Amino acid sequence: MTASSKKTEKYGGFEQGPIRPPSEAQSLLIRITRNCPWNRCTFCPVYKGEVFSLRPVDHVIADIDVVSHHVEALRRMSDASGRISQADMNAYHLQAAALDRPAFFAAANWFANGMASIFLQDANSLIINPEELLRILRHLTACFPWVRRITSYARSHTIARISDDFLTAFRMAGLNRIHIGLESGSDEVLKQVKKGADKKTHILAGQKVKNAGIELSEYVMPGLGGKALSRVHALETADALNKINPDFIRIRTLAIPSHVALHEDYTAGRFEKLTDAETAEELLLFLETLNGITSAIKSDHILNLFEEVEGNYPVDKARMTSVVRQFLALDPQRRLLYQVGRRLGLLSRLSDLNNPGLTGQVDEICRQNGITPKNADDVIADLMKRFI
Ligand code: SF4
């Protein structure tokens with residue numbers, strides 16, 4: 001969108017984008033851009049076919065104002081413990097529809113969740129004019145002074161080009177956490193999946209965020225290099241993170257739904273997907289190579305085989321690697337039960353294999369559907385597509 005078309009766009013009411021990180025489930029979502037300005041990563045299913053645009057900053061301010069109006073009304077209606085009677089809520093809901101119903105639902109949901117955090121949408125909010133971002137941040141903190149966290153996704157390529165002074169100003173204006181999709185530290189992998197950032201840029205961007213005093217969350221994607229680049233992917237990703245020392249390393253295992261570009265390479269045999277056991281081996285090498293950092297590992301997605309690979313470096317490193325080692329040491333039938341049980345949400349930890357009630361259910365499902373150690377990875381790849 002050009003500056004002039006941005007100016008002439010008519011306000012269409014409160015907007016929300018399609019996604020936010022799992023850790024922002026309770027946040028108020030404020031959309032300051034639409035879709036992804038890059039939109040070329042071959043593994044990414046989001047925003048495909050959608051055009052990127054900047055929202056006029058006055059429209060973002062209008063969104064914030066209407067949410068603020070509802071929040072103030074909800075606060076006035078609530079009793080000392082923050083509760084609102086159903087009758088009051090129903091009456092207000094009818095009246096709120098005239099103002100902006102989506103904003104009312106966003107405000108009511110946020111109010112019910114404690115109003116502690118705000119997430120700026122969509123994929124790369126830091127791409128907007130820095131002065132405009134500061135205006136939005138200052139308006140948010142003026143309207144909601146009690147908020148503890150304001151967060152955004154951002155691309156390394158964008159952050160690397162923002163001055164340190166502006167990054168510090170963002171932090172002072174309230175932006176205190178940034179999520180970056182690092183995915184890999186290997187230049188070969190990054191080029192292959194068209195990430196639009198190389199290892200050097202990822203490291204520079206990560207270090208700039210940390211130096212500005214902003215919390216940093218880096219997403220990594222086990223399996224992204226396929227069989228050919230698995231080892232270099234693990235080693236280079238760990239090496240990049242060792243140089244950044246982010247606050248959080250979030251694991252998001254590769255899945256290949258049929259509507260992403262990588263699916264074509266996969267079906268044509270140009271990309272060989274890892275089995276669960278190979279992904280576990282890659283993850284083990286990655287975890288072992290992480291060194292000298294104080295990051296927290298998070299595994300907050302069902303795509304990941306190990307929910308319990310969570311903890312803080314360096315104290316929990318041995319426990320986390322031992323989980324993966326234990327899985328790799330399982331006999332084929334027990335490994336199958338864990339793989340299938342985990343993806344069905346029946347098992348969450350390896351120790352659940354000692355629960356005959358749970359393993360009995362998984363065993364029965366495998367028997368009824370003909371799932372065996374030989375075909376398990378194909379069945380699971382199908383299941384994982386549904387989690388995206
Ligand atoms: S930058 Fe992020 S949102 Fe954009 S295409 Fe890549 S992974 Fe998807």
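Quick note: numbers below take in every heavy atom, side chains included, and nothing from hydrogens, waters or symmetry partners. In this text the structure is predicted, and so the values were computed from the model without any measurement. Note that ligands are numbered from 1 as they come in the structure, with each ligand's atoms numbered from 1 the same way.
The ring of Phe104 has its center no closer than 6.0 angstrom to the ring center of Phe14.
Here the protein heavy atom with the shortest distance to atom 8 (Fe) of ligand 1 is Cys44 SG, 2.3 Å. For atom 6 (Fe) of ligand 1, the closest non-hydrogen atom of the protein is Cys41 SG, 2.3 Å. From the protein, the heavy atom lying nearest to atom 2 (Fe) of ligand 1 is Lys195 NZ, 4.1 Å.
Within the 4.0 Å heavy-atom criterion, the part of Ala123 lying near ligand 1 is the side chain and not the backbone. Within the 4.0 Å heavy-atom criterion, the part of Arg40 lying near ligand 1 is the backbone and not the side chain.
The aromatic rings of Phe306 and Tyr338 sit parallel to each other, their planes meeting at less than 30°, with 60° as the upper class boundary.
The cationic group of Arg75 lies under 6.0 Å from the six-membered ring centre of Trp146 and within 45° of the ring axis, placing it in a cation-pi geometry.
Here salt bridge (charged side-chain N to carboxylate O under 4.0 Å, His left out) pairs that include residues 169-179, with residues two or more places apart or in two chains, are Arg177-Glu215.
Among the atoms of Cys36, an N, O or S atom falls under 2.8 Å from atom 4 (Fe) of ligand 1.
Here is the list of ligand 1 atoms found below 4.0 Å of a heavy atom in Asn39: 4 (Fe), 5 (S).
The CD1 atom of Ile162 sits 8.0 Å away from the CG atom of Leu133 when rounded to the nearest 0.5 Å.
The residues Arg231 and Glu282 are annotated as not salt-bridged, no charged nitrogen and carboxylate oxygen being separated by less than 4.0 angstrom.
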